[in-house]
Amino acid sequence: MKLSDQEYQELIQKRAEKSPLLKDIAFAFFIGGAICVIGQLVQNGWGAVGLGEKNAATMTAVTMIFLSVLLTGLNLYNKLARFGGAGTLVPITGFANAMASPAIDFRSEGIIAGMAAKMFIIAGPVLVCGISASIIYGIFYWIFLMI
């Protein structure tokens with residue numbers, strides 16, 4: 001049976017599950033907010049131990065990355081992402097998950113050909129675009145600062 005492009009699109013639309021948009025938005029909002037609240041609590045904890053503001057912020061980043069990678073390794077971050085959707089893409093934890101997940105998936109191929117090579121499969125384009133944009137921004141900033 002050969003379908004035209006239009007017939008194929010109609011077939012897909014009939015069979016596709018309708019996403020409960022409001023529910024998904026609410027879950028993403030609360031899960032993302034919960035991750036941020038945990039980050040703030042961690043930062044307050046590091047501050048209470050006596051670290052200065054900058055050191056507490058640095059240790060908070062390290063702690064949140066560690067927790068994200070730990071939860072990814074225990075396959076709990078994936079379960080949280082299925083429930084919270086885009087809310088788990090809070091920058092630092094989502095990025096750590098994007099780095100750890102492919103590394104874990106490809107560990108059977110070895111350290112170099114598997115983990116090291118595949119670790120950047122998701123995060124690589126983000127890094128390239130982010131670094132490129134920051135370089136371009138820096139050049140423009142430097143040029144206009146000189147004027």
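The figures that follow rest on heavy atoms only: side chains count, while hydrogens, waters and symmetry mates do not.
Remark: Y77 OH to L71 CG distance equals 8.5 Å, nearest 0.5 Å. For the atom pair F30 CZ and I25 CD1, the distance stands at 12.0 Å (nearest 0.5 Å).
Under the 4.5 Å side-chain heavy-atom criterion for grouping Ile, Leu, Val, Met, Phe, Trp and Tyr, I35 is connected to F27 within one hydrophobic cluster. Under the 4.5 Å side-chain heavy-atom criterion for Ile, Leu, Val, Met, Phe, Trp and Tyr, L51 and L41 are members of distinct hydrophobic clusters. Both I92 and V69 are part of a single hydrophobic cluster, where members link through side-chain heavy atoms under 4.5 Å apart. Note on V62: it does not cluster hydrophobically with M64, by side-chain heavy-atom contacts below 4.5 Å among ILVMFWY residues. By the criterion of side-chain heavy atoms lying less than 4.5 angstrom apart, applied directly or through intervening Ile, Leu, Val, Met, Phe, Trp or Tyr residues, I38 is grouped together with V90 in one hydrophobic cluster.
Nearest heavy-atom pair, E53 versus Q43, reported as atom, atom and distance to 0.1 Å: O-NE2, 4.3 Å. Between T60 and A56 the shortest heavy-atom distance is OG1-O, 2.6 Å.
Taking the side chain as every heavy atom from C-beta outward, T93 and L67 never approach each other to under 4.5 Å. Proximity of M59 to V42: side-chain heavy atoms (C-beta onward) are nowhere separated by under 4.5 Å. Counting only heavy atoms from C-beta outward, the side chains of W46 and T58 never approach each other to under 4.5 Å. You'll find the side chain of M99 stays beyond 4.5 Å of the side chain of I65, heavy atoms only.
In terms of the side-chain hydrogen bond (donor to acceptor under 3.5 Å, both in side chains) criterion, S68 has no residue partners (sequence neighbours excluded).
Within 6.0 Å of the CG atom in L22, the count of heavy atoms belonging to other residues, nucleotides or ligands does not exceed 12.
With 3.5 Å as the limit, one finds no donor-acceptor pair spanning the side chains of D5 and Q9.
Counting only distance, with no hydrogens or angles, the side chain of S101 and the backbone of A98 share no donor-acceptor pair below 3.5 Å.
Hydrophobic clustering, defined by side-chain heavy atoms of Ile, Leu, Val, Met, Phe, Trp and Tyr closer than 4.5 Å, groups L145 together with Y137, Y141.
Of the candidates L80, T72, L74, L74 is the only one forming a side-chain contact (heavy atoms from CB on, under 4.5 Å) with L76.
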